[in-house]
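Quick note: residue numbers are just sequence positions, from 1. These numbers were taken from a predicted model, which means no experiment stands behind them.
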Amino acid sequence: VGRVAILFSNLEHHVCLILESLINENDGIVANSVLPKTAGEIIVLLKKLAKYRLVGRDTLGNEVIGFAEEVDKLRELRNQFIHGYWAFAGRQNGQVVMRCRSTRPNFECSAKGEVSWQRYSTENTWSIPDLHKLADRIDVLGHSSDSIARRVQALLKTQAVDTSKRKKP
């Protein structure tokens, strides 16, 4: 669980670097001041800026959007890991199994307007090999983010040079 949290934190940092490049690669202070605070908000902004700055100019735009969508799927799992209630669930097929329950309350409103809620609305079980697979998936995505960040920076730099070479009327 700790490895998943650490690797996702590193992945989130790389997502922010890509986002900063799309905002303004030369001004880290401006980029840092407009960054949203939650991972979900960061991913939404990354997809919007990738569409605006990259899509239609290079295949990299669609790659960044796909990358952001994959990170978003992992973000939901990460939230469960960090905010969930963990307990030993026993053994299955010789493997230790952990149970993770969502601590976020789930509210439901009936047609009559009556509100009911349940705290532990979702529960997932994880074996140690499952946790390793998830951590490996996050790690691979983190490594690919390095390449994406460099390619975004290079593409935007090339576009800036091309724009500056145009003759003014």
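- Across all their heavy atoms, I65 and A50 have their closest contact at CG1-CB, 3.9 Å.
- In this structure, CE on M98 lies 11.5 Å from OG on S127, to the nearest 0.5 angstrom.
- Summarising the geometry, atom CG belonging to L156 is positioned 12.5 Å from atom CZ belonging to R151; distances are rounded to the nearest 0.5 Å.
- Hydrophobic clustering (ILVMFWY, side-chain heavy atoms < 4.5 Å, transitive): W86 and F88 are in one cluster.
- Summarising the geometry, atom OG belonging to S21 is positioned 10.0 Å from atom CG belonging to L46; distances are rounded to the nearest 0.5 Å.
- In terms of heavy atoms, I42 sits closest to V15 at CG2-CG1, 3.7 Å.
- Residues K73 and L77 fail the side-chain proximity criterion, which asks for heavy atoms closer than 4.5 Å.
- Looking at D146 and H14, their side chains come closer than 4.5 Å, going by heavy atoms from C-beta outward.
- The shortest distance between side-chain heavy atoms of L134 and F81 falls below 4.5 Å.
- Looking at heavy atoms from C-beta onward, W126 lies out of side-chain contact with V4 at the 4.5 angstrom threshold.
- Under the 4.5 Å side-chain heavy-atom criterion for ILVMFWY residues, a single connected hydrophobic cluster contains both I138 and I128.
- Residues I148 and E63 form a side-chain contact, since some pair of their non-hydrogen atoms from C-beta on lies under 4.5 Å apart.
- Residue pairs satisfying the side chain to side chain donor-acceptor pair (under 3.5 Å) criterion with at least one member in residues 89-100, sequence neighbours excluded, are absent.
- Note that NE2 of H13 is 13.5 Å distant from CZ of F8, once rounded to the nearest 0.5 Å.
- A distance of 9.0 Å separates CG in L54 from CG in L49, rounded to the nearest 0.5 Å.
- Residues F67 and L155 share a hydrophobic cluster, clusters being chains of Ile/Leu/Val/Met/Phe/Trp/Tyr side chains in contact below 4.5 Å.
- The minimum heavy-atom distance between G84 and C100, with the atom names listed, is CA-SG, 3.9 Å.
- Follow the hydrophobic side-chain contacts under 4.5 Å out from L11 and you reach L45 in the same cluster.
- Cluster membership check: L22 does not share its hydrophobic cluster with V44, using side-chain heavy-atom separations under 4.5 Å among Ile, Leu, Val, Met, Phe, Trp and Tyr.
- Heavy-atom minimum distance, A68 versus I43: O-CG2, 3.5 Å.
- Salt bridge absent: E12 and R78 never bring a charged side-chain N and a carboxylate O closer than 4.0 Å.
- Look at D72 and R75 and you find a salt bridge, because one of the NZ, NE, NH1 or NH2 atoms lies within 4.0 Å of a carboxylate O, short of that distance.
- If you take CG on D139 and CZ on R3, they are separated by 6.0 Å, rounding to the nearest 0.5 Å.
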